[in-house]
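Here's the structure, in structure tokens; my notes come after.
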Amino acid sequence: MATKTKAKTKKSTPKTTATAARKPAAKTTRKPVAAKSARKSTRVSAKTPSSQPATHNSRDRYIPQKIEPKWQKKWAADRLYRAEVDPSRPKFYALTMLPYPSGELHIGHWYAMTPSDARARFMRMQGFNVMFPMGFDAFGLPAENAAIQRGIHPKKWTYANIERMRQQLRSMGAMFDWEREAVSADPEYYRWTQWFFAQLFKHGLAYKKMSPVDWCPKDNTTLAREQVWGEDRRCERCGTPVIKKNLAQWFFKITDYAEELLDFDGTDWPERVRLLQTNWVGRSEGAEVTFHSEHEDPITVFTTRPDTLWGATFMVLAPEHPLVLKLTSPDRKAEVETYVAEATRQSDIQREAADREKSGVFIGAYAINPVNGARIPIWTADYVLMTYGTGAIMGVPAHDERDFAFARKFSLPIPVVIAPPGWDGHPLKEAYHGEGVMVNSGAFDGTPTSEAVAKVTKWLEERGLGKGKVTYRLRDWLISRQRYWGAPIPIVYCPTHGAVPVPDDQLPVLLPDDVEWKPTGESPLKLHPTWSKTTCPICGEPATRETDTMDTFMCSSWYQYRYLSPDYDKGPWDPKEYSYWMPVDCYTGGIEHATMHLIYTRFFTKALRDMRIVRDDEPMMQLRNQGIILGEDSDKMSKSKGNVVAPDDLVKHYGADAVRAYLMFFSQWDQGGPWNSKGIEGVVRWLNRVWKLIVEKPPKRANVETSERSNVADLRRKVHQTVRRVTRDFENFEFNTIVAALMELLNALAKMKETSVVNTPAWDEAVDAYVRMMAPITPHVAEELWAKMGKPYSIHQQPWPKHDEAAAAEDMITLVLQVNGKVRDRLQVPADIAEAEAKDKALASETVRRYLSGKTPKQVVYVAGRLVNVVV
RNA sequence: GGGGAAGUGGCGAAAUGGCAGACGCACAGGCCUUAGGAGCCUGGGGAGGCAACUCCGUGAGGGUUCGAAUCCCUCCUUCCCCA
């Protein structure tokens, strides 16, 4: 799958588009200056000290604080990063996850966004028409908490934060197309969030039901299953342990898409995310089997191992199971009721813990095992959950750990029905769930595990005892939130017509501004005196509004579409924009959203497709995740630990380009790692040296002793090898080695600047390619150097350099000579040396002969261009 | 308990079957300088040796291979997800 998409990306990089990308640049060129040599262009720039500050020192120094705001202003004024529909050019929709406007852009945002920006810039230089939008996921709890704590209105707090963060985002020098900015809390945005809700409702994909849901007592709201984290089930936002509440809540039927969500065909997503989502969906194949009580009450169970049915020696009903009270015999009633009352007070997680001492009570009733007519006792026990499967299980102690522990505790029989290989017929010491052969199972005896499930399922179906069934762990998405700062759910409750969606022409259902916050835990919308009073859209009689708002993940499930046309008011997006830009070609962001946002947005696109609103099966074709950037102490950054790195301070001190370059340099992007305040000085040094390489005059004396011809070839080889390497690494998101390769090339160029090669066209070619390659990573200094070289504005509209395979080829190589796999000698040989000659040279080597000590080689291994290994 | 990822100098890392440690940080020595917290040059995996050189070395152990940081098996440690 991954290779398929990769190949596609490569193929769709047509040479012709590189020329197309150059066109606008040519238009804006005032005076195309063909710099004949670096020396010459240096002189030109020396005469025009345009951007340079007046210092006592007349030297032209790299001062990022001067050049960065200057270029940012010019780029914005020129709408340099404006992305417009242009069917004559191949499009590339690059998207990075939009931030929540918390009020402070942290280094994690920089780490997510600036490499994404560099990649988008690279694609632009590759000839694509690139759209790289930005916006704000502006609804959510922190705004409301600020309102309660500090008395600031959530809207005021949010929009002030957005204003501040816009400025911070601009300091990155990213190629965001700000004309496409979307803010999810704008009425023009949430009008469509509500419209989508209504569409889902009309298509039966949104429904309300009473159910035990997770409730965060601190944030006073329900949470989706995905927003409850960890073993002890804490709120994803505030870390408070959640409790169960029985409430009428709105859900989206994401479970309708369980099967399709497992299919990633055609997308290039990391294996890790696919695995997380696959496990989250939790498909399990098995069979539903119906047992009956002695009084003919059907009790259906789901099992992944119908082949173990003959080993069922008891049944367990969840304490909440409706049959528990019905089937309990009078003499057991008191005991069972006490147990049920106790069990329902426990949390699911306590109840399910595998290592916990099992508890349960016999309810005084029996069931008949449909496969062998065995009369087996029915128990109720808290390790069976009502919310899981059918709320009832068959107990097969020999082949299930928990059933085994239960049977041991209550002295129930443990008959083996799957014989492990080499089983001696003795009782098992622990539950066995490996491969084996069916035993004690009537006609099925001897059936190996590999065929058993299918055969038994077929047999059950033929006899009407059960049927094959696939179940999923995935639950429907709970989207009701009992809070104010979110998109109101556009539903009206009419005494006659029930839940009625607000008609499209009455959207948006606006949030009222005049609300009060009381720490009662009630939604302010519920406390508002008039807001919820309305009339029924169908009959016009008095009716009330739904006061719950939507989970903010609903807003972010479709934002990639709103960027297409954030001002469009005839629909959620302009179809012309849609048909050109969608789907998203490359999506970047944190992996922490694997089972939340990233699964919701896939569901959303699939649901829209089935409602014929979009044509795509998947919203984002390629996904890449960055790692987490840690504090200098290798701990997670947090204010309480005092290890937070503030990007604003870094920009002020080192400039945005250095921060960008360091974030890309210090580690593999998807790996993250600790910040190092000394490490960034290395890239600062790099940028200073690049500056000097290009701006400062070369030394007067040219080294006449070196042969110019070989120097030119060496220079071009290094340059073209670097272009090849950097291009490949950009394609693969390997940003750290890009910066390393550029540093390496600089080291080589700095040495060569001392030689006469500096007066050759090869030098100009080198410097030209160098600045182009820097441009995606350090856009400001690249633009400044480009201008100083007298090249036409803007570097960011230039094509990416192409490497010349012939120039990059080595003519001499180091041939490694090994004896028995150990390096013993090295020879400089022509790269195109023939195998026979290489072997001869190896055997002729004095060192090799010494290690052979007269023995005849058994084998001589030759690896072209690399080594000869002589084996004795 | 299940699944996944990772483990390489003092540190961040590079090398994905073929010269281990590219690039950078820190450190050491030198140059330049009135000065250096600037810049430039040089050196740094470990052990032995004046040296050429030798041996050892990618969490541990085993295996495959002419050849393994890289592939396979077992184990240890750390992190993530699920239970």
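The structure presented is a predicted model; accordingly, all values stated were derived computationally and were not measured. Just so we're on the same page: letters track the sequence lines, and every chain starts at 1. Quick note: numbers below take in every heavy atom, side chains included, and nothing from hydrogens, waters or symmetry partners.
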Within the supplied structure, the quantity of interest is the number of heavy atoms (other residues, nucleotides, ligands) at a distance under 6.0 Å from A:K652 NZ; does it exceed 12? no

Name the nucleic acid region contacted by [X], choosing base, sugar-phosphate or nothing; use a 4.0 angstrom heavy-atom cut-off, strictly under.
X: A:K858; result: nothing
X: A:V861; result: base
X: A:Q818; result: base
X: A:T595; result: nothing
X: A:L275; result: sugar-phosphate
X: A:F735; result: nothing
X: A:W686; result: nothing
X: A:R826; result: base
X: A:N747; result: sugar-phosphate

If you measure from the [atom1] atom in [N] to the same atom in [M], how many Å do you get, rounded?
N: B:rU58; M: B:rG46; atom1: P; answer: 15 Å
N: B:rG7; M: B:rU70; atom1: C1'; answer: 14 Å
N: B:rG9; M: B:rA60; atom1: P; answer: 10 Å
N: B:rG57; M: B:rG63; atom1: P; answer: 14 Å
N: B:rU34; M: B:rG45; atom1: C1'; answer: 41 Å

Tell me whether the OP1 or OP2 atom of [N] has a side-chain N or O from [X] closer than 4.0 Å.
X: A:R685; N: B:rG39; answer: yes
X: A:N736; N: B:rG12; answer: no
X: A:R689; N: B:rC40; answer: yes
X: A:Y62; N: B:rG39; answer: no
X: A:K753; N: B:rC40; answer: no
X: A:Q859; N: B:rG67; answer: no
X: A:R473; N: B:rA83; answer: yes

Out of [options], which nucleotide sits closest to the side chain of [X]?
X: A:K822; options: B:rC81, B:rC19, B:rC56; answer: B:rC56
X: A:Q668; options: B:rA83, B:rA14, B:rC81; answer: B:rA14
X: A:F666; options: B:rG12, B:rG67, B:rC81; answer: B:rG12
X: A:A740; options: B:rA22, B:rC80, B:rC25; answer: B:rA22
X: A:W280; options: B:rA26, B:rC23, B:rC82; answer: B:rC82
X: A:F665; options: B:rG12, B:rA20, B:rA13; answer: B:rG12
X: A:R824; options: B:rA20, B:rU54, B:rG18; answer: B:rU54

Could you give me the CA-CA distance, side-chain angles and deciding distance for A:R624 and A:D268, then say whether side chain to side chain contact (heavy atoms under 4.5 Å, CB included) is met? CA-CA 9 Å; A:R624 289 294 180 271; A:D268 172 15; 3.0 Å; yes

Reading RNA chain B from 5' onward, which residue's closest nucleotide shows up sooner: A:G682 or A:V816? A:V816

Reading RNA chain B from 5' onward, which residue's closest nucleotide shows up sooner: A:R850 or A:G672? A:G672

Quick one, A:V644 with A:I107, criterion side chain to side chain contact (heavy atoms under 4.5 Å, CB included). Give me CA distance, side-chain angles, the key distance, then yes/no. CA-CA 8 Å; A:V644 174; A:I107 197 76; over 6 Å; no

Syn or anti for B:rG9, given that syn means the glycosidic angle lies within 90° of 0? syn

Need the glycosidic conformation of B:rG44: syn if within 90° of 0, anti if not. Which one? syn

Looking at A:F553, A:W280, A:Y257, which hits ring-ring contact (aromatic ring centres under 6.0 Å, His included) with A:F603? A:Y257

Could you report the tightest heavy-atom contact between A:G360 and A:F406, atom names first, then the distance? CA-CE1, 4.2 Å

Aromatic plane relationship, A:Y111 with A:F666 - under 30° parallel, 30 to 60° tilted, over 60° perpendicular: tilted

Would you say the ring centroid of A:W686 lies under 6.0 angstrom from that of A:F665? no

